[in-house]
Amino acid sequence: MALKELVKKDPLGLVARAYAFAELAHGPQKRRSGEPYFNHAKATAETLAEWKMDDATVAAGLLHDTVEDTGAPLETVRKDFGEDVAFLVDGVTKLGHLKYRGAKEKAENLRKMVLALSQDLRVIFIKLADRLHNMRTLAALPPEKQKRVALETDEIYASLAYRLGMHHLSGELQDLAFPYLHPDEYRWLLAETRERYGERLDYLKKVKPLLARALAARGIHPVAIDIRAKRYASLYKKLLRRGMDIEKVHDLAAMRVIVNSVAGCYAALGAVHEAWPPVPGRIKDYIAVPKPNGYRSLHTTVLGPGHKTVEIQIKTQEMAEENEHGVAAHWLYDRRRSGEPVAYRGRRLAKELAWVQQLAAWQEKFAEREEHPEEFLEAMKKNFFADRIFAVTPRGDAIDLPLGATPIDFAYHIHTDVGNGAVGAKVNGAIATLDHKLKSGDVVEILVQKGKKPSDGWLRFVATSIARDHIKAALKKKTLFARMAGAAAKKVRRG
Ligand code: MN
């Protein structure tokens with residue numbers, strides 16, 4: 001429901017009262033662009049309503065800058081809007097407006113974010129909605145600040161959204177940041193692709209009715225077929241991998257087919273392949289094997305009319321919503337299913353996401369060694385926000401690892417003893433070196449020798465902090481024991 005309707009539906013409700021309060025509190029305050037400050041509060045709440053958040057979250061979105069920027073006391077918010085809304089507003093206020101400059105501030109920002117994340121996901125939803133509007137209005141800020149905000153958005157917020165499975169948002173944030181971070185590349189890309197995009201879209205528009213007919217011939221009536229253009233930021237990343245050769249990028253736009261059921265997805269895939277030959281190696285079943293971040297869909301590329309390639313994604317409505325909104329969508333389904341009080345859901349959800357808890361435990365550890373903020377930042381980016389792979393144990397358990405992870409990382413994620421005792425590895429049944437880079441879907445078996453100690457050479461190639469920490473700890477013990485043994489031997493010799 002749109003914000004306006006929420007206000008109208010219950011004129012004395014939480015959202016309507018927060019609306020009036022925020023409008024009054026911000027009063028004549030203006031943003032740098034010259035528009036009323038209240039517009040920003042409204043836009044933030046509008047996004048939260050779009051994500052179908054609960055009333056408390058939408059209200060907190062309206063109020064999110066009142067304590068920080070208008071001096072309204074948190075106590076007043078608590079008295080007028082209750083404990084839950086006050087908790088959220090306070091959470092957002094505490095995240096604050098630290099400048100994204102220098103490793104120390106960056107690390108501090110991230111730490112606060114993780115803390116909020118682990119307590120109640122709704123605080124992060126509000127912060128993401130807030131950032132989305134700030135990015136949409138970034139043009140009004142001075143250039144130096146634009147760069148800083150864009151960088152933080154790209155490094156932290158877009159990654160966080162991605163990790164939460166909010167792909168649509170993550171892509172939009174990256175796209176909004178891209179022109180500020182790479183202005184020359186952006187202009188080049190725009191000029192280079194304008195015509196191609198146009199051609200591509202025209203072609204797919206012609207394919208669309210043919211696709212609908214091919215599906216109908218098999219009795220499949222999709223909920224929707226749409227055409228999705230690739231985003232500039234991800235296109236740019238792809239070009240970097242392909243030596244900036246735009247000829248090599250074929251999927252400037254793809255077709256998306258939404259059907260009613262999982263069975264319908266496979267039936268549609270069959271119908272598509274019957275109509276046009278699939279390109280070998282391009283059929284991906286992310287329904288049977290979802291991506292580590294939970295993405296589900298069937299992908300195929302076919303040789304369409306005129307022998308041009310067409311990328312087609314097939315999914316259910318639920319998958320489409322989940323792929324776009326991620327955790328926010330789970331939240332929604334959860335809410336429909338259970339009668340649980342709203343106030344606790346965000347907190348419970350935060351506890352259920354293993355990586356959020358892992359992240360929280362981890363930032364606590366780092367908070368103790370405050371002297372290395374760069375290390376914290378780097379480790380964080382690598383461990384939690386980087387692309388993930390998914391390796392499998394011989395028993396079929398999936399282990400979630402960052403890109404570049406090796407059998408040693410895998411071993412330490414199973415158990416410390418497995419890591420410490422590792423002497424070799426089998427990847428998909430074949431002997432592999434311990435520094436072998438794993439891929440998603442690899443079946444990994446670790447060969448263990450009892451009493452074996454890790455080697456310090458492993459530190460050169462491991463990709464996770466868990467492995468690194470365990471290796472260092474074991475090595476420390478090893479030198480300690482060696483020293484003790486040496487001392488004991490001396491004592492014995494001295495007699
Ligand atoms: Mn704000």
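The first residue in the sequence is number 1, and the count goes up from there. One-based numbering, in listed order, for ligands and for the atoms of each.
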With a 3.5 Å cut-off and no angle check, do the side chains of D90 and T93 form a donor-acceptor pair? no
Is E5 salt-bridged to K8, going by a charged N under 4.0 Å from an acidic O? no
How many degrees, to 10°, between H40 NE2 and D65 OD2 as seen from the Mn ion (ligand 1)? 90°
Between the side chains of K208 and D226, is the shortest nitrogen-to-carboxylate-oxygen separation below 4.0 Å, so that they form an ion pair? no
Is D69 close enough that one of its N/O/S atoms sits under 2.8 Å from the Mn ion (ligand 1)? no
Of all N, O or S atoms in H64, identify the one at the shortest distance from the Mn ion (ligand 1). NE2
With rounding to the nearest 0.5 angstrom, report the CZ to CD distance, R131 to E152. 4.5 Å
What atom name does the N, O or S atom of D130 nearest to the Mn ion (ligand 1) carry? OD1
